[in-house]
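What follows is one structure encoded as structure tokens, with my remarks underneath.
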Amino acid sequence: MLNKWKRLNFPGKFPFLASLSSLIVSKSSVSVAAKIEYEPTTCKTTAVNPNPRDPVNEILLGFRSLGFRRFIGGHYFRSIISMLNHAQVDRIIDYLRVEDAESAVDFFNLLKDEFGFRHSRGSRFLVSHVLAKERRLRELHLILKQLLQDEGSGSAPSLCEFLLDSFRDWDSNGVVLDMLALAYSKSEMVYDALFVLAMMKDLNLQSSIQTYNSLLYNLRHNDIMWDVYNEIKVSGTPQSEHTDSILTNGLCCQSRVQDAVSFLRNTEGKVFGSSVVSFNTIMSKYCKLGLADVAKSIFCLMIKYGLHPDVYSYNILIHGLCVAGSMEEALEFKDDMEKHGIGPDIVTYNILCKGFHLLGLMSGAWKVIQNMLLKGVNPNLVTYTILICGHCQTGNIDEGLKLGREMLSRGFQLSIISYSVLISCLCKSGQVDKGLELFHEMEANGLKADLITYSILIHGLCKQGEVQRAMQLYNEMCSKSISPNSFAHGAFLLGFREKGMISDARMYLDAVTMSNLTQDIVLYNIMIGSYVKFDDIEEAVRLYEQIIRHGITPTVVTFNSLIYGFCRTGRVAEARRWMDTIKSYGLEPTAITYTTLMNAYSEEGNMDTVLALLQEMEEKVIRPTHVTYTVVIKGLCKQGKLHESVQLLEDMHGKGITPDQITYNTIIQCFCKVKDMRKAFELVDEMSLHNLEPTPATYNVLLNGLCVFGDLKGADGLLISLQERNIKLTKVAYTTLIKAHCVKGDASRAGVLFREMVEKGFEISIRDYSAVINRLSKRGLITETKFFLSMMLCDGVSPDQEIGEVLLNAFHQGGDTNSVLELLGQMIKLGLLGD
DNA sequence: TTAGGGTTAG
């Protein structure tokens with residue numbers, strides 16, 4: 001069977017060496033050393049060594065007179081060594097091989113390691129035979145591995161030919177050829193390996209099961225795996241304990257899990273059949289397919305076969321359950337393993353930790369850590385990385401970075417993954433430049449950025465619209481031979497979208513897809529989302545129709561975007577119909593689909609439908625997210641149904657769905673509107689109890705509430721206290737209070753706050769001045785209006801037509817003719833009275 | 001044979 005590979009895979013001429021004679025390797029076991037005599041060397045002599053004698057003879061004489069070790073340690077040897085050519089080295093090694101095999105190997109290594117000498121095939125095989133004879137297989141493998149690195153793929157015919165010509169009857173041929181096949185296999189040159197095996201078969205030489213196993217493994221994605229397996233059986237090579245698990249793994253790789261199970265059933269009773277590893281492999285595959293239940297039944301089957309699940313079995317299953325969100329069951333299995341005397345290890349704890357993190361339940365993750373510490377298991381790099389992820393996910397970047405520093409202080413060398421998590425956090429919070437700093441720190445620490453690290457940064461830059469800088473990074477990545485995938489392309493699409501360059505985005509998409517680089521649906525989804533964002537629902541639908549025509553399968557995200565588009569443009573009924581289209585593709589609407597629709601209905605004031613959809617989600621076991629609840633709460637708030645809103649907030653906590661700051665801000669705003677400031681502040685306290693820091697928006701809502709309620713003193717007091725506590729505020733906090741003071745006519749307090757706002761470094765536009773000037777002038781406060789006007793001019797802001805007209809009107813009404821004339825002059829100068 | 005990092009939609 002294997003013979004077919006000789007013919008099929010090496011068509012045409014083999015790259016045989018033109019002349020083997022240039023490599024002086026004895027073809028028989030008669031030693032070259034026997035022929036050594038004094039003769040003039042063919043090697044060109046140099047000025048350094050005017051002695052025309054053959055260096056081979058010099059060296060051999062040296063060995064004889066001083067002994068090998070003493071001679072190679074001397075200066076004379078080192079001066080003569082650089083003159084040797086391949087043929088001469090071959091002769092020396094062959095001589096040593098006969099006299100003292102150990103010296104032959106030492107000499108070979110000395111030349112290679114200390115002098116960087118690249119040995120000939122002949123030398124390498126000579127030493128290989130020495131090592132094979134002594135069963136020094138590890139060293140033998142190393143030599144062959146290096147040989148194959150030099151020779152490359154497709155070299156098997158030539159190397160076999162050479163071996164047979166030069167070493168035909170040597171004792172260790174079988175071992176050397178077998179190791180050659182193994183080296184080919186491990187270097188992923190499987191067809192060369194198959195060629196060597198075929199050659200061995202011709203010569204009646206038996207391959208080892210290790211070589212067969214390695215080949216089986218490397219052919220796991222391919223049906224040829226079965227040819228090799230049959231060959232093992234036909235040749236009568238005894239299988240090892242790994243053989244069946246490698247085959248099982250192969251079947252799993254080929255997505256033939258059912259066949260893998262049947263295969264295992266058939267091997268039951270065999271010496272090495274049905275190993276725990278094989279079962280684990282199958283469980284792992286089922287878990288990866290999202291079928292944790294099936295994995296569980298395999299687990300039971302394993303026990304039925306009398307096998308004892310090991311720590312891997314449990315970890316694989318617990319992982320599958322965690323990913324499926326079944327934390328309770330996962331924890332039960334953890335208890336079960338303890339009961340069976342298998343201690344959960346660091347991997348088990350990390351899996352559980354990640355499981356809680358996936359559900360956004362970091363408190364659960366912390367409990368796992370406590371439990372782990374109690375059991376005397378210390379967190380490792382992976383544990384820390386999961387925790388950093390957790391912090392970052394809840395927006396707690398500083399805590400995440402603190403943990404990163406803690407890792408360093410505990411002597412952990414941050415891995416590329418840990419760095420990537422931190423960089424990702426920084427990018428997500430808009431601190432891309434800090435992310436880049438960390439990236440450089442990482443590289444300075446000797447870690448090489450990979451595709452994901454680059455993708456995170458490219459994405460971060462694009463999201464900020466910095467397409468140019470992203471492109472530089474992209475080029476840097478490509479120059480390091482890291483091939484981008486569609487992720488990077490997606491980032492550029494987002495970058496264009498961010499800058500509103502929709503047609504550029506489309507050109508980019510067309511370029512990427514038409515050059516057949518990728519047909520990734522995610523890219524189309526981003527493009528559809530971009531059209532939707534700019535309210536071009538028609539173009540979004542056209543693109544959708546195009547991908548359908550091209551046979552690309554949409555995802556639920558495709559539909560969610562379209563539904564969002566219809567909702568945004570007020571076409572809620574059509575949006576609803578698209579939900580049925582989702583089902584026609586065998587897809588299921590997600591919480592986002594529902595939330596999008598619910599938000600639209602809520603905006604229409606149709607809370608009945610909103611609540612009906614919430615009910616439908618429950619029936620279909622589609623878990624609402626905190627956003628879903630926030631949408632419902634917002635709708636209820638708008639209708640003044642405060643009690644229901646508070647009730648829903650409590651329901652969320654009960655269901656383990658953590659409200660976020662927006663949820664609280666929504667409901668707090670609602671209480672502010674009905675002037676229930678006491679309840680509003682109570683809710684702020686409640687946020688803190690749930691470890692939610694109020695956001696700048698929370699304070700804006702509260703300040704606005706106090707202002708509207710007429711408690712301007714209270715609002716001022718709150719602002720001062722926030723400033724004293726160095727709490728981050730936005731411009732809105734200031735404009736809210738400035739507005740309130742203007743309305744009340746307290747222009748001086750408004751002025752003070754305005755100065756503070758400017759000094760805080762917020763970007764101030766002409767609209768901020770005009771908001772104040774409008775209000776003051778409306779109240780006829782001419783002096784105060786003029787004060788703000790001069791402030792504006794001092795700040796280097798020129799009036800525009802709109803503000804000019806407001807001022808003219810105010811001065812005119814106040815009978816301030818001088819000011820009217822002065823302003824008119826100014827406006828003419830500025831060209832604001834052109835029309 | 002098990003654990004940690006990147007995309008789209010509300």
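Quick note: numbers below take in every heavy atom, side chains included, and nothing from hydrogens, waters or symmetry partners. Protein chains get the first letters and strands the later ones, always in sequence-line order, with residue 1 at the start of each.
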Looking only at side-chain atoms of [X], point me to the closest of [options].
| X | options | result |
| --- | --- | --- |
| A:Asn350 | B:dG5, B:dT8, B:dA3 | B:dA3 |
| A:Ser420 | B:dG5, B:dG4, B:dG6 | B:dG5 |
| A:Asn525 | B:dT7, B:dT8, B:dT2 | B:dT8 |
| A:Asn485 | B:dA3, B:dT7, B:dG6 | B:dG6 |
| A:Asn560 | B:dG6, B:dT1, B:dA9 | B:dA9 |
| A:Tyr564 | B:dA9, B:dT2, B:dG4 | B:dA9 |
| A:Ile386 | B:dG4, B:dT7, B:dA3 | B:dG4 |
| A:Val557 | B:dT8, B:dG4, B:dT1 | B:dT8 |
| A:His319 | B:dG4, B:dT7, B:dT1 | B:dG4 |
| A:Ile417 | B:dG5, B:dT1, B:dA3 | B:dG5 |

Distance check needed: [N] [atom2] versus [X] [atom1], whole Å only.
| X | N | atom1 | atom2 | result |
| --- | --- | --- | --- | --- |
| A:Gln519 | B:dT7 | CD | C1' | 17 Å |
| A:Leu438 | B:dG5 | CG | C1' | 13 Å |
| A:Leu494 | B:dG6 | CG | P | 15 Å |
| A:Ile526 | B:dG6 | CD1 | P | 15 Å |
| A:Lys463 | B:dA9 | NZ | C1' | 11 Å |
| A:Lys285 | B:dT1 | NZ | C1' | 13 Å |
| A:Leu422 | B:dG4 | CG | C1' | 12 Å |
| A:Tyr474 | B:dT7 | OH | P | 18 Å |

What does [X] touch in the nucleic acid at a heavy-atom separation under 4.0 angstrom: a base, only the sugar-phosphate, or nothing?
| X | answer |
| --- | --- |
| A:Val421 | sugar-phosphate |
| A:Leu493 | nothing |
| A:Cys353 | nothing |
| A:Lys634 | nothing |
| A:Ser415 | base |
| A:Ser486 | nothing |
| A:Ile452 | base |
| A:Ile416 | base |
| A:Asp520 | nothing |

Report task. Taking salt bridge (charged side-chain N to carboxylate O under 4.0 Å, His left out) as the test, write out the residues that go with A:Arg542, two or more places apart. Result -> A:Glu539
Query raised in the report: Have A:Thr666 and A:Thr630 got a donor and an acceptor in their side chains that come within less than 3.5 Å?
Result: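 On atom types as modelled, these side chains do not qualify, holding no pair under 3.5 Å.
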Report task. Verify the distance criterion only: is there a donor paired with an acceptor across the side chains of A:Tyr286 and A:Asp293 at less than 3.5 Å? Result -> no
Query raised in the report: For A:Cys389, what residues pass the disulfide (SG to SG under 2.5 Å) criterion, not counting sequence neighbours?
Result: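 A:Cys389: no disulfide (SG to SG under 2.5 Å) contacts found.
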Report summary line: By disulfide (SG to SG under 2.5 Å), A:Cys637 pairs with (sequence neighbours left out) none
Query raised in the report: Pairs in or reaching into residues 432-441 of chain A: which pass salt bridge (charged side-chain N to carboxylate O under 4.0 Å, His left out), with residues at least two apart or in two chains?
Result: A:Asp433-A:Arg469
Base [N] to side chain [X], donor-acceptor N/O within 3.5 Å cut-off:
| X | N | value |
| --- | --- | --- |
| A:Asn380 | B:dA3 | yes |
| A:Thr453 | B:dG5 | yes |
| A:Thr383 | B:dG4 | no |
| A:Ser418 | B:dG4 | yes |

Query raised in the report: Does the ring of A:Phe487 lie flat against the base of B:dG6, closer than 5.5 Å centre to centre with planes under 30°?
Result: yes
Query raised in the report: With centres under 5.5 Å and planes under 30° as the test, does A:Tyr312 stack with B:dT1?
Result: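 Yes, A:Tyr312 stacks on the base of B:dT1.
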**Report entry** Strand-adjacent residues in residues 540-547 of chain A, judged by heavy atoms under 4.0 Å from DNA chain B
**Finding:**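 Result for residues 540-547 of chain A: none.
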Query raised in the report: Quick one, which residues of residues 589-598 of chain A touch DNA chain B with a heavy atom under 4.0 Å?
Result: A:Ile592, A:Thr595, A:Thr596
Report task. I would like to know whether A:Lys480 and A:Glu443 meet salt bridge (Lys or Arg N to Asp or Glu O under 4.0 Å); could you show each step before the answer? Result -> CA-CA 13 Å; A:Lys480 290 183 181 170; A:Glu443 293 202 309; 3.1 Å; yes
Query - Steps toward side chain to side chain donor-acceptor pair (under 3.5 Å) verdict (A:Thr281, A:Ser278) - result: CA-CA 5 Å; A:Thr281 307; A:Ser278 304; 5.8 Å; no
Identify whether the distance between the nearest side-chain nitrogen and carboxylate oxygen of [X] and [Y] falls below 4.0 Å.
| X | Y | answer |
| --- | --- | --- |
| A:Glu603 | A:Arg568 | no |
| A:Lys296 | A:Glu329 | yes |
| A:Lys402 | A:Glu406 | no |

Presence of [X] side-chain N/O under 4.0 Å of [N] phosphate oxygens OP1/OP2:
| X | N | value |
| --- | --- | --- |
| A:Arg497 | B:dA9 | yes |
| A:Lys428 | B:dG5 | no |
| A:Lys354 | B:dG5 | yes |

Query - Within 6.0 Å of NZ in A:Lys367, more than 12 heavy atoms from elsewhere - result: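 Atom NZ in A:Lys367 is not crowded, with 12 or fewer foreign heavy atoms closer than 6.0 Å.
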Query raised in the report: Can you list the steps and then say if A:Asn280 with A:Asp310 is a side chain to side chain donor-acceptor pair (under 3.5 Å)?
Result: CA-CA 9 Å; A:Asn280 291 349; A:Asp310 61 7; 3.1 Å; yes
